[in-house]
Amino acid sequence: MDNIEVDWNEQAVKPAEQYLQFSSFSRSGLITQLKFEGFTTEEATYGVDQTGLTDDNN
């Protein structure tokens with residue numbers, strides 16, 4: 001188990017995409033939600049970036 005490496009950036013993409021399927025989020029709101037789930041700011045931002053969500057898409 002010590003040799004398992006998890007790409008937390010990629011792991012943040014999955015819930016970000018799922019949230020957007022069922023709910024409307026602003027970019028900052030989705031980052032906040034992912035941080036609430038335990039992702040770092042950097043990981044959450046990466047996850048949201050991968051969805052293509054911008055502040056213009058609120």
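Since the model is a prediction, treat every value here as computed from it, not as a measurement. Throughout, numbering of the chain's residues begins at 1 and tracks the sequence.
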Query raised in the report: What's the spacing between Gln33 CD and Ser23 OG if we round to 0.5 Å?
Result: 9.0 Å

Query raised in the report: Quick one: side chain to side chain donor-acceptor pair (under 3.5 Å) partners of Glu17, sequence neighbours excluded?
Result: none

Query raised in the report: Can you get from Ile31 to Val13 by hopping between Ile, Leu, Val, Met, Phe, Trp and Tyr side chains that sit under 4.5 Å apart?
Result: no

Report summary line: Contacts of Ala16 meeting side-chain contact (heavy atoms from CB on, under 4.5 Å) (sequence neighbours excluded), chain-then-number -> Leu30, Leu34, Thr51

Query raised in the report: Is a side-chain donor or acceptor of Arg27 paired with a backbone partner of Asp55 at a separation under 3.5 angstrom?
Result: no

Requested in this report: For residues 31-48, pull every pair meeting salt bridge (Lys or Arg N to Asp or Glu O under 4.0 Å), keeping only residues two or more places apart or in separate chains.
Outcome: none

Query raised in the report: Any idea which heavy atoms bring Gly29 and Ser26 closest together, and the distance?
Result: N-OG, 3.0 Å

Query raised in the report: Which heavy atom in Ala44 sits nearest to a heavy atom in Phe39, and how many Å separate them?
Result: N-CB, 4.2 Å

Report task. Could you list the residues that satisfy side chain to side chain donor-acceptor pair (under 3.5 Å) with Tyr46, not counting sequence neighbours? Result -> Glu10

**Report entry** Any residue meeting side-chain contact (heavy atoms from CB on, under 4.5 Å) with Thr32, in chain and number order, not counting sequence neighbours
**Finding:** none

Requested in this report: Can you sort out the partners of Tyr19 under ring pair (Phe, Tyr, Trp, His ring centres under 6.0 Å), two or more places apart, ordered by chain and number?
Outcome: Phe25

